[in-house]
Colleague: 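I have a structure here, written as structure tokens, and I will follow up with some questions on it.
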There are 2 protein chains.
Amino acid sequence: MSRSHSPSIRMVASRAGVSVATVSNVLNGKASVSPDMVARVNKAVEELGYVVDIAASRLRSRKSLLAGVIVPDLTNPMFAAFVSTLEHLARVDGFDLVVVSARNDAAEEADRLANIRAWRPAGLIAIPCDGAFKSRLPAGFSIPTVLADRIPDHDEFDLVAVDNAAAAGAVARHLDEQGFRNCLVVGTRLSISNVRERWEGVQAAARQMTLELLEIGIDDPVGLDAFERRLRERSKPQAMFALDHGTALATYRIVAEMGLKVPGDIAFASFDDMEWMQLVGSGVTAVRQPVEAMAEKAWLLLSRRLAGEAGEPVTRRLRCAIEIRGSTARSAVSRGGETESLKREEKHGNQ
Amino acid sequence: MSRSHSPSIRMVASRAGVSVATVSNVLNGKASVSPDMVARVNKAVEELGYVVDIAASRLRSRKSLLAGVIVPDLTNPMFAAFVSTLEHLARVDGFDLVVVSARNDAAEEADRLANIRAWRPAGLIAIPCDGAFKSRLPAGFSIPTVLADRIPDHDEFDLVAVDNAAAAGAVARHLDEQGFRNCLVVGTRLSISNVRERWEGVQAAARQMTLELLEIGIDDPVGLDAFERRLRERSKPQAMFALDHGTALATYRIVAEMGLKVPGDIAFASFDDMEWMQLVGSGVTAVRQPVEAMAEKAWLLLSRRLAGEAGEPVTRRLRCAIEIRGSTARSAVSRGGETESLKREEKHGNQ
DNA sequence: AATTTGCAATAAAACGTTTTATCGAGGAAT
DNA sequence: ATTCCTCGATAAAACGTTTTATTGCAAATT
């Protein structure tokens with residue numbers, strides 16, 4: 001049991017010798033309160049360390065300066081950056097955020113959404129687990145909603161995403177032009193829309209290069225075993241392309257453990273540019289997603305809806321940058337050796 | 001303006017043909033309500049998609065199943081993992097979390113704390129920006145509080161941290177035993193308690209090895225320049241030890257850019273074991289902090305306080321593991337070359 | 001048969017706010 | 001001097017809950 005409750009507006013009022021209504025008026029900057037009152041109230045507020053009870057405030061005023069945010073996994077650096085940016089923007093607009101993670105689980109996503117609803121947020125920003133997001137919204141939960149990053153099955157929401165197909169296609173073209181004759185493409189699962197779009201982009205862009213797809217689950221040892229077996233086959237692929245951060249990390253680890261040289265033995269490219277990709281070997285070629293921009297756009301879209309803007313759901317596709325690094329340097333013919341020297345020439349485009 | 005408000009307990013009551021009190025009783029599993037009523041209420045809840053309004057509930061019941069969490073930076077993977085674990089544990093206990101980031105800024109920390117207070121959480125878990133945390137708590141904000149990771153100036157709160165000195169000392173001893181004669185130790189600033197403790201641990205443990213300290217700010221180009229200049233001097237250190245993740249990443253990047261071989265030209269060790277440290281070169285020797293365990297301990301401590309456990313503030317120090325990798329392999333005498341072979345032998349202690 | 005007990009259900013109060021309606025006082029207009 | 005505004009301040013109602021006190025009714029006790 002807590003000793004003393006935190007001060008209420010009533011205590012402020014009595015200490016200032018005014019009514020609670022006056023205190024409320026002062027705090028909310030309402031019109032026509034005399035300077036004298038303002039001073040008295042502020043003094044009392046200061047002395048008591050009074051802070052408004054947001055919940056009670058929202059309850060009565062029926063206006064909620066709160067937005068819900070749900071992401072598949074907070075430990076994913078991309079999503080963490082997304083949330084962090086969002087939090088900052090929200091605060092600037094006077095909003096609070098209730099952030100939850102679905103931990104890559106659809107059932108948990110549904111549960112957390114119900115939980116978010118219990119907070120009665122004014123709006124929602126979601127990076128869905130998968131395409132069936134809508135079906136997991138609690139019945140009758142209809143607040144302005146912006147989806148981000150992953151593409152849902154039904155387009156009834158505003159959406160911000162990156163142009164997966166184009167970016168993945170550009171990487172594929174790059175590999176193709178470097179002269180790699182075949183490429184092993186890996187991703188968690190095609191059921192994740194991003195992965196699917198990227199795979200389709202690769203297929204559309206590859207010309208000379210033959211393709212091969214391997215789905216590896218999320219933290220799935222079986223899938224990783226399959227991957228490793230594939231690399232041990234005689235007809236090992238000349239290049240590989242990981243379609244998301246998770247598989248990039250997992251597969252790169254295996255490649256390193258097997259003692260394969262990159263790009264000498266196999267070229268390596270990745271969607272999602274993580275910080276370690278600049279450090280490892282001669283650098284890993286990667287697609288850099290504009291996460292911050294995505295968060296900004298998502299918040300902007302939501303703000304507009306909250307301001308009452310009507311109209312059809314809109315979709316915004318953001319362009320990705322591609323960081324060419326040593327891991328895809330031409331060496332299909334001349335194995336090993338001299339790749340070190342052309343190390344990371346565009347290092348500084350990276351700030 | 002939203003069209004239809006989400007259903008209230010009153011609507012549930014009228015649809016079920018009972019009183020609101022009965023609905024509340026059913027929802028909260030209160031004693032003695034007939035099975036008939038239970039069924040009717042649940043049916044109505046189902047049909048309307050009713051979800052309780054947490055804020056109103058807390059307001060009246062005066063019991064808050066909400067805990068505040070503040071961290072210096074959400075994009076730091078360590079803190080993200082901390083928060084993620086915490087969120088899961090909280091949920092298991094029926095708690096919600098309001099998570100904010102201070103963005104490495106003391107003023108912002110103070111601001112966010114006031115904001116957290118507006119939510120009237122039952123407890124608080126904080127990773128403070130610096131030692132002066134207490135001074136930034138809003139006046140009269142006294143709820144059960146657990147600090148984590150960083151050590152405050154005054155010990156009036158429960159605290160969970162790692163044994164920085166011992167772990168850093170072990171690394172120093174390792175470097176010493178490997179035969180490195182001098183070591184450049186880098187960290188953001190000694191004013192961060194962790195960094196200070198680690199530095200002290202290093203000093204206490206080093207025997208043959210001479211030490212040298214360099215403070216590099218957080219995202220501070222000046223500090224990094226100083227670091228780079230130091231590495232260009234003729235009497236370049238044989239080994240270096242980065243005392244936190246930020247400096248480890250920044251300095252390793254510079255080392256790589258300068259074309260220095262690790263450990264051939266300089267040995268490298270780090271506090272904070274990040275995933276890329278297994279991948280880069282022959283692996284980076286690092287202290288692995290038990291973040292999840294720290295979150296668990298923090299939550300446990302808070303739960304107890306919330307359950308009413310009284311008593312003096314307690315401090316728990318968790319032990320760190322040390323991952324010896326190639327970056328500190330003995331090569332002070334025999335430069336370059338054969339270090340590849342002893343690559344990452346304890347890879348599997350790492351799961 | 002009259003009273004008490006026990007129990008299920010509800011009406012009403014309360015939580016900390018904001019909003020709406022009311023009030024009183026001090027000028028300006030009649 | 002009376003009436004009419006205006007304006008600053010407040011009392012009271014309301015928000016969606018939970019809790020407390022009250023009700024009504026049937027069963028159990030005299």
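The sequence lines fix the lettering, A, B, ..., with proteins before strands; numbering per chain opens at 1. Please read these numbers as outputs of a predicted model, since none were measured by experiment. Excluded from the calculations below are hydrogen atoms, water molecules and symmetry mates; all remaining heavy atoms, backbone and side chain alike, are included.
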Colleague: Can you give me the first and the last nucleotide of DNA chain C (5' to 3') that has an atom within less than 4.0 angstrom of a non-hydrogen atom in chain A?
Modeller: C/dG16 to C/dT19

Colleague: Determine to 10° how strongly the helix from C/dA1-D/dT30 to C/dT30-D/dA1 is bent, judged from the axes of its five-pair ends.
Modeller: 70°

Colleague: DNA chain D: B/Val52 or A/Ser19, which has the more 5' nearest nucleotide?
Modeller: A/Ser19

Colleague: B/Ser57: what forms a side-chain contact (heavy atoms from CB on, under 4.5 Å) with it, not counting sequence neighbours?
Modeller: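 Here the qualifying residues are B/Val52, B/Ser61.
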
Colleague: Can you see whether B/Arg189 engages B/Ser191 through a side-chain donor-acceptor pair at a distance of less than 3.5 angstrom?
Modeller: yes

Colleague: Would you say a side-chain N or O of A/Thr22 is under 4.0 Å from OP1 or OP2 of D/dT10?
Modeller: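 So the side-chain polar atoms of A/Thr22 do come within 4.0 Å of the phosphate oxygens OP1 or OP2 of D/dT10, strictly under.
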
Colleague: For B/Arg58, report the nucleic acid contact type (base, sugar-phosphate, nothing); a contact means any heavy atom under 4.0 Å.
Modeller: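 It contacts nothing in the nucleic acid.
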
Colleague: Apply side chain to side chain contact (heavy atoms under 4.5 Å, CB included) to the pair A/Phe133 and A/Asp153, showing each step before the final yes or no.
Modeller: CA-CA 8 Å; A/Phe133 174 77; A/Asp153 294 341; over 6 Å; no

Colleague: For DNA chain D, determine which residues of residues 34-46 of chain B have any heavy atom closer than 4.0 angstrom to one of its atoms, and list them numerically.
Modeller: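 Within this stretch, nothing sits under 4.0 Å of the strand.
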
Colleague: What does B/Ser24 touch in the nucleic acid at a heavy-atom separation under 4.0 angstrom: a base, only the sugar-phosphate, or nothing?
Modeller: base

Colleague: Quick one: label A/Asn28 by what it contacts on the DNA or RNA (base, sugar-phosphate, nothing), any heavy atom closer than 4.0 Å.
Modeller: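 Since only primed, P, OP1 and OP2 atoms lie under 4.0 Å of A/Asn28, the category is sugar-phosphate.
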
Colleague: Identify, with sequence neighbours excluded, every residue that meets side-chain contact (heavy atoms from CB on, under 4.5 Å) alongside B/Ser14.
Modeller: none

Colleague: Could you tell me whether A/Asp130 and A/Arg150 have a side-chain N and a carboxylate O separated by less than 4.0 Å?
Modeller: no

Colleague: Can you list everything that forms a side-chain contact (heavy atoms from CB on, under 4.5 Å) with A/Ser34? Sequence neighbours excluded, please.
Modeller: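 Once residues adjacent in sequence are excluded, the partners of A/Ser34 under the side-chain contact (heavy atoms from CB on, under 4.5 Å) criterion are A/Asp36, A/Met37.
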
